[in-house]
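Just so you know, these numbers come straight off a predicted model, no measurement behind them. Sequence lines set the chain letters: A, B, ... in the order given, protein chains first and strands last, and positions in each chain run from 1.
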There are 2 protein chains.
Amino acid sequence: MVGQGARQSTTPAAAVGAAKDAARPGAASAAGAWQDFSPPALRPALAAALACFMENGYHGTTIRQVATRAGLSVPGLYHHFPSKQALLVALDDEAMNELWNRSTAALADGPQSVLDRFDRLIRCLTLFHAHRGELAFIALSEIRSLEGSARAEHIAARDRQQALLSGIIDEGVATGIFDAPHPRETSRAITTMCTGVAQWYRIDGELTPEELADRYGRLCRLTAGAAAGS
Amino acid sequence: MVGQGARQSTTPAAAVGAAKDAARPGAASAAGAWQDFSPPALRPALAAALACFMENGYHGTTIRQVATRAGLSVPGLYHHFPSKQALLVALDDEAMNELWNRSTAALADGPQSVLDRFDRLIRCLTLFHAHRGELAFIALSEIRSLEGSARAEHIAARDRQQALLSGIIDEGVATGIFDAPHPRETSRAITTMCTGVAQWYRIDGELTPEELADRYGRLCRLTAGAAAGS
DNA sequence: GATAAAACCGAGCGAGCGCTCGGTAAAGTA
DNA sequence: TACTTTACCGAGCGCTCGCTCGGTTTTATC
């Protein structure tokens, strides 16, 4: 008995993006928009490539498979993308940019205490990897298939993303909110936990992304050594 | 600044396999042998394949690259392994079997309280993924490159392995040692943390595997909601 | 309807793929 | 020494790969 009907939010973060305080002056995008996930809306050729890469990996996928899946001939596919590598790079950019945009929006959207920002970032990471699992999985697992400067750019984007979390954890340790004698490993462990969601979570499984985010929010607080009563 | 000289063990598990009774040749399995990691000792062709797969993935590696790396011609390589797929399967078996053997040995070797077994299993997982990172990484990331029954066998081995940890967590929740309202997610998160070590840990980095295992032991206890004073 | 751009495709090129054929060289055994 | 087994390789087969050539069809605009 796991998927009980009653949906309850066990962390304060779950209430943060509720629609009540929608009108905030100066915000470019609507409050809480970082946790709205409409269907992916990838261009058809990219969607086909993503599905193929998920099944067989980048090197295990042929350009003919992608074309067939997209309902195109091989030259028809090449009308939209100049190479197989370009498909992978476009998917990778899509993943890294969407995660970054949502993460920075989540951090800006609401109370600014360390714990509030931590909760929102964890929620953002978990929701993203649940809703955009395939995109995130390819971006993570096909790094070594990126050629030339694309690989360095991916790693830079990943480090920038990782710095968001480790910065917050360092802050929390400094202010005594977190008890983490080794912040680097703590940060790495939490990141791994959240990105790992993309490896096993199924959107049609027992948990909704929001339920999962609640549970992971609690787990990550524990892992970070958050003060018990907060 | 980070790799301080003083090596301290922060969990009881760290003391279990102290070096005194390390090498007992001839014994079926000496106490603590599950945490002794001598150099991998893969057959040359397998070692070459592992290095190639790490760099370019299974589908991105050619049989000629493996042969060259092994110091063999292509037919020379095929004298030892009948196909490219057989190389991957052999590496996968090596990884899954070694982890299973070490894990069951760790569980049997020492005090049998839930927390003792939890600590030893976490230590075993962390040490394995630190010392055998490449092997573990390939076994994890090339599942979809396994053909035919090999994939099903890998998944069965993985589930069996995963059950070791989730069984202990269920026990701990039942006896009140762990505070985990959602044991399935807790177990999954901890597994992900430990296997994730293979993705970033470098043996020549700042931390020794033993230091890392100490830190991860503490983190995993926190994540599992282990009672504070234990 | 005329024109131009965008979208698309049948056929196929050169290269590299996994793998094998038919052998030789070295090592073990009597 | 004769024989067998193990370890190995030069050459190359058949095939599929990523990609492109030289077109036709569809759509947008006037």
Side-chain angles (χ1 to χ4, degrees), chain A residues 40-94 138-139 141-151 153-154, chain B residues 40-94 138-139 141-151 153-154:
Chain A
L42 288 172
R43 282 166 285 175
L46 277 186
L50 178 57
C52 289
F53 294 168
M54 280 299 293
E55 280 176 22
N56 299 112
Y58 175 76
H59 286 300
T61 296
T62 74
I63 216 68
R64 276 162 251 256
Q65 290 175 306
V66 178
T68 301
R69 197 156 203 150
L72 291 171
S73 65
V74 170
L77 176 66
Y78 276 95
H79 178 74
H80 297 279
F81 288 89
S83 67
K84 184 185 176 186
Q85 175 74 195
L87 289 164
L88 179 61
V89 172
L91 287 173
D92 192 73
D93 286 349
E94 187 76 23
I138 292 306
S141 63
E142 295 291 357
I143 302 175
R144 63 188 169 191
S145 303
L146 290 169
E147 298 165 8
S149 61
R151 190 185 320 196
E153 285 162 24
H154 170 95
Chain B
L42 289 171
R43 282 165 285 175
L46 277 186
L50 178 56
C52 290
F53 294 168
M54 280 298 291
E55 280 176 22
N56 298 115
Y58 176 75
H59 286 299
T61 296
T62 74
I63 215 70
R64 274 161 253 255
Q65 289 175 306
V66 178
T68 300
R69 197 157 202 147
L72 291 172
S73 66
V74 170
L77 177 65
Y78 276 96
H79 177 74
H80 297 278
F81 288 89
S83 67
K84 184 183 173 185
Q85 176 73 195
L87 288 165
L88 179 60
V89 171
L91 286 172
D92 191 74
D93 286 349
E94 186 74 24
I138 292 306
S141 64
E142 296 292 356
I143 303 175
R144 62 189 169 187
S145 303
L146 290 169
E147 299 165 6
S149 61
R151 189 183 322 197
E153 283 162 26
H154 170 95

Can you tell me if the side-chain N/O atoms of A/His80 get under 4.0 Å from OP1 or OP2 in C/dC8?
yes
Taking only the side-chain nitrogens and oxygens of A/His79, find out if one of them lies under 4.0 Å from OP1 or OP2 of C/dC8.
no
Expressed in angstrom and rounded to an integer, what is the separation of [X] atom [atom1] from [N] atom [atom2]?
X       : N      : atom1 : atom2 : value
A/Leu88 : D/dG18 : CG    : C1'   : 15 Å
A/Arg64 : D/dT16 : CZ    : P     : 10 Å
B/Tyr78 : C/dG23 : OH    : P     : 22 Å
A/Gln65 : D/dG18 : CD    : C1'   : 13 Å
A/Leu77 : D/dC17 : CG    : C1'   : 14 Å
B/Leu72 : D/dC8  : CG    : C1'   : 8 Å
B/Arg43 : D/dC8  : CZ    : P     : 13 Å
B/Lys84 : D/dC15 : NZ    : P     : 19 Å

Among D/dC19, C/dG10, D/dC9, which is the nearest nucleotide to the side chain of A/Val74?
D/dC19
Taking A/Glu142 first and then A/Lys84, would you say they form a salt bridge - that is, a charged N and a carboxylate O separated by under 4.0 Å?
no
To the nearest 0.5 Å, what is the distance between CD1 (A/Ile138) and CG (A/Asp92)?
10.0 Å
Answer yes or no: is there a donor N or O on one side and an acceptor on the other, between the side chain of B/Tyr58 and the main chain of B/Leu146, under 3.5 Å?
no
Give a yes or no answer on whether the side chain of B/Glu94 reaches the backbone of B/Leu42 with a donor-acceptor pair at less than 3.5 Å.
no
